[in-house]
Asker: 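Following this message is one structure expressed as structure tokens.
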Amino acid sequence: MTQPLPQSVLFCCDHNAVRSPMAEGLMKKFYGTGTYVQSVGVTNDMEIDGFSIAVCQEMGVELSRHRSRSFDEMEDWGDDLSSFDLVIALSPASQRRALELTRYYHLDVEYWPILDPTGLGETREAKLESYRAARDQIINRLTNRWGDATGGS
């Protein structure tokens, strides 16, 4: 049973370079601009991952302009954690950080165990397969939660 889209969603993972930017980009593509969507990492010590850009490009999702940011920087960018309806953590570390930061707010934190494709696969093609697997896990989670892509509104 799918649920209505929230007004705002924050995706988080370890570095905001692979899984959470993919989730942010895919959600925007699937459901349009009716929901405010952002992503952060526990740290932002990495730029957006080239394989993430490549496998999202296959779906028509543009990630090359994504700038990684951390929970700590989020407020500097004018986003207050308490203003999000839902936080979706894609890694154990980001789930811990999100729960830590949201314990004072009435905020839902969900954990979606998404494969970390970094470091998997020897060849470029094998690496792309790992990233596609992570991307497809995110797509399955999105559509199970909010239904088929509406293509935005």
Side-chain angles (χ1 to χ4, degrees), residues 2-59 61-121 127-146 149:
T2 60
Q3 298 172 11
L5 285 162
Q7 287 189 302
S8 54
V9 176
L10 180 69
F11 289 101
C12 55
C13 65
D14 296 349
H15 304 281
N16 193 220
V18 179
R19 290 168 287 183
S20 57
M22 285 202 284
E24 176 187 348
L26 289 162
M27 180 148 187
K28 285 175 178 172
K29 176 168 178 65
F30 279 27
Y31 306 110
T33 53
T35 298
Y36 180 68
V37 186
Q38 288 295 311
S39 64
V40 296
V42 176
T43 60
N44 75 326
D45 53 355
M46 298 164 74
E47 281 304 309
I48 180 80
D49 186 286
F51 288 108
S52 292
I53 293 172
V55 300
C56 283
Q57 194 71 59
E58 295 172 353
M59 308 278 307
V61 174
E62 175 55 57
L63 290 185
S64 62
R65 289 188 301 276
H66 176 80
R67 292 288 160 261
S68 299
R69 63 182 186 160
S70 65
F71 279 107
D72 296 339
E73 288 172 308
M74 200 170 82
E75 291 192 22
D76 301 343
W77 291 41
D79 276 323
D80 183 7
L81 199 58
S82 63
S83 65
F84 288 93
D85 296 326
L86 177 62
V87 177
I88 298 176
L90 307 176
S91 69
S94 65
Q95 180 190 27
R96 281 192 301 276
R97 184 83 169 110
L99 289 170
E100 213 174 272
L101 292 169
T102 60
R103 65 174 171 250
Y104 304 113
Y105 306 123
H106 179 71
L107 200 65
D108 289 329
V109 176
E110 276 182 29
Y111 175 53
W112 292 3
I114 301 297
L115 167 83
D116 179 0
T118 57
L120 298 178
K127 288 181 184 303
L128 284 169
E129 283 306 312
S130 298
Y131 279 77
R132 284 183 192 115
R135 176 199 69 197
D136 294 346
Q137 283 182 347
I138 293 167
I139 291 170
N140 287 336
R141 286 283 185 157
L142 289 171
T143 55
N144 286 341
R145 183 81 151 74
W146 292 300

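Quick caveat, the model's predicted, so the values are computed rather than measured. Only this structure's heavy atoms are used, side chains among them; waters, hydrogens and symmetry mates stay out.
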Asker: Report the residues that fulfil ring-ring contact (aromatic ring centres under 6.0 Å, His included) with Tyr111, sequence neighbours left out, ordered by chain and then residue number.
Answerer: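 Residues passing ring-ring contact (aromatic ring centres under 6.0 Å, His included) with Tyr111: none at all.
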Asker: Verify side chain to side chain contact (heavy atoms under 4.5 Å, CB included) between Met74 and Leu10, making sure each step is shown before the conclusion.
Answerer: CA-CA 11 Å; Met74 200 170 82; Leu10 180 69; 3.7 Å; yes
Asker: Side chains of Val9 and Tyr36: closer than 4.5 Å at any heavy-atom pair?
Answerer: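 They are not in side-chain contact.
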Asker: Does the side chain of Cys12 reach to within under 4.5 Å of the side chain of Phe71, using non-hydrogen atoms?
Answerer: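 They are in contact (side-chain heavy atoms under 4.5 Å apart), so the answer is yes.
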Asker: For the side chain of Asp85 and the backbone of Pro6, is there at least one donor-acceptor N/O pair under 3.5 Å apart?
Answerer: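 A pair under 3.5 Å: no.
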Asker: Check the side chains of Arg19 and Gln137 for a donor-acceptor pair under 3.5 angstrom, ignoring hydrogens and angles.
Answerer: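 The criterion, which ignores hydrogens and geometry beyond distance, is not satisfied for Arg19 and Gln137.
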Asker: Would you call Asp14 and Arg97 a salt bridge, using N to O less than 4.0 angstrom?
Answerer: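 Arg97 and Asp14: not salt-bridged.
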Asker: Mark yes or no for whether Lys127, through its side chain, and Gly121, through its backbone, hold a donor-acceptor pair below 3.5 Å.
Answerer: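 Yes, because the side chain of Lys127 sits within donor-acceptor range (under 3.5 Å) of the backbone of Gly121.
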Asker: Using a cut-off of 6.0 Å, state whether more than 12 heavy atoms not belonging to Glu110 lie near its atom CD.
Answerer: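 For Glu110, atom CD is crowded (more than 12 foreign heavy atoms under 6.0 Å).
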Asker: Evaluate the side chain to side chain contact (heavy atoms under 4.5 Å, CB included) criterion for residues Leu26 and Ile139: first the C-alpha distance (whole Å), next the side-chain angles of each, then the deciding distance (0.1 Å), finally the verdict.
Answerer: CA-CA 7 Å; Leu26 289 162; Ile139 291 170; 4.0 Å; yes
Asker: Please give me the minimum heavy-atom distance between Ser39 and Ser20, naming the atom from each residue.
Answerer: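 Smallest heavy-atom distance, with atoms named: CB-O, 3.5 Å.
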Asker: As an exercise, state the distance from OG1 of Thr143 to CD1 of Ile138, rounded to the nearest 0.5 Å.
Answerer: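 Rounded to the nearest 0.5 Å, the OG1-CD1 separation comes to 12.0 Å.
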Asker: Measure the spacing between CD1 of Ile88 and CZ of Phe11 and express it to the nearest 0.5 Å.
Answerer: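 Output value for this atom pair is 4.0 Å.
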Asker: Which pair of non-hydrogen atoms, one from His66 and one from Asn16, has the smallest distance, and what is that distance?
Answerer: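 Looking at all heavy atoms of both residues, the closest pair is NE2-OD1, 3.2 Å.
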Asker: Walk me through it: do Thr35 and Gln7 pass the test side chain to side chain contact (heavy atoms under 4.5 Å, CB included)?
Answerer: CA-CA 5 Å; Thr35 298; Gln7 287 189 302; over 6 Å; no
Asker: Can you check whether Leu63 reaches Glu24 side chain to side chain, under 4.5 Å on heavy atoms?
Answerer: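 Leu63 vs Glu24: side chains apart.
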Asker: What's the spacing between Phe84 CZ and Thr102 OG1 if we round to 0.5 Å?
Answerer: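 Going from CZ on Phe84 over to OG1 on Thr102, the span is 12.5 Å.
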Asker: My understanding is that only residues two or more places apart in sequence, or in another chain, count here; which of them pass side-chain contact (heavy atoms from CB on, under 4.5 Å) with Glu129?
Answerer: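 Partners of Glu129 by the side-chain contact (heavy atoms from CB on, under 4.5 Å) criterion, ordered by chain and then number, come out as Glu125, Arg132.
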Asker: Please answer whether the main-chain N or O of Leu86 pairs with a side-chain N or O of Ser8 as donor and acceptor at a distance below 3.5 Å.
Answerer: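 No, the answer is negative, given that no donor and acceptor are paired below the 3.5 Å cut-off.
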Asker: Any idea how Trp112 and Trp146 line up, ring-wise: parallel (<30°), tilted (30 to 60°), or perpendicular (>60°)?
Answerer: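 Correct class here is tilted.
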Asker: Return the CD to CD distance between Glu100 and Gln95, rounded to the nearest 0.5 Å.
Answerer: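 So the gap between those two atoms works out to 12.0 Å.
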Asker: Can you name the nearest heavy-atom pair linking Ile53 to Ser64, along with the distance?
Answerer: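 The answer is CD1-CA, 3.8 Å.
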Asker: Go through Ile114 and Asp116 one step at a time and tell me if the side chain to side chain contact (heavy atoms under 4.5 Å, CB included) criterion holds.
Answerer: CA-CA 6 Å; Ile114 301 297; Asp116 179 0; over 6 Å; no
Asker: We want to know whether His15 and Asn44 form a side-chain donor-acceptor pair, criterion being a heavy-atom distance below 3.5 angstrom.
Answerer: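 Judged by distance alone, the side chains do not pair up.
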Asker: What's the shortest heavy-atom distance between Met46 and Ser68, and which atoms?
Answerer: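 Shortest heavy-atom separation between Met46 and Ser68 comes out as O-OG, 2.9 Å.
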Asker: Provide the closest heavy-atom pair for Ala98 versus Val87 in the form atom of the first, atom of the second, distance.
Answerer: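 Result for this residue pair: CB-CG1, 3.9 Å.
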Asker: Which pair of non-hydrogen atoms, one from Glu47 and one from Ala17, has the smallest distance, and what is that distance?
Answerer: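 Where Glu47 meets Ala17 most closely, the heavy atoms are O-CB, 3.3 Å.
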Asker: Could you verify whether a donor N or O on one side chain and an acceptor N or O on the other, from Thr43 and Asp45, lie under 3.5 Å apart?
Answerer: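 Judged by distance alone, the side chains do pair up.
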Asker: As an exercise, state the distance from CZ of Arg145 to OH of Tyr31, rounded to the nearest 0.5 Å.
Answerer: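 Going from the CZ atom of Arg145 to the OH atom of Tyr31 covers 10.0 Å.
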Asker: How far does OH of Tyr131 sit from OG of Ser52, to the nearest 0.5 angstrom?
Answerer: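 The OG atom of Ser52 is 5.5 Å from OH of Tyr131, to the nearest 0.5 Å.
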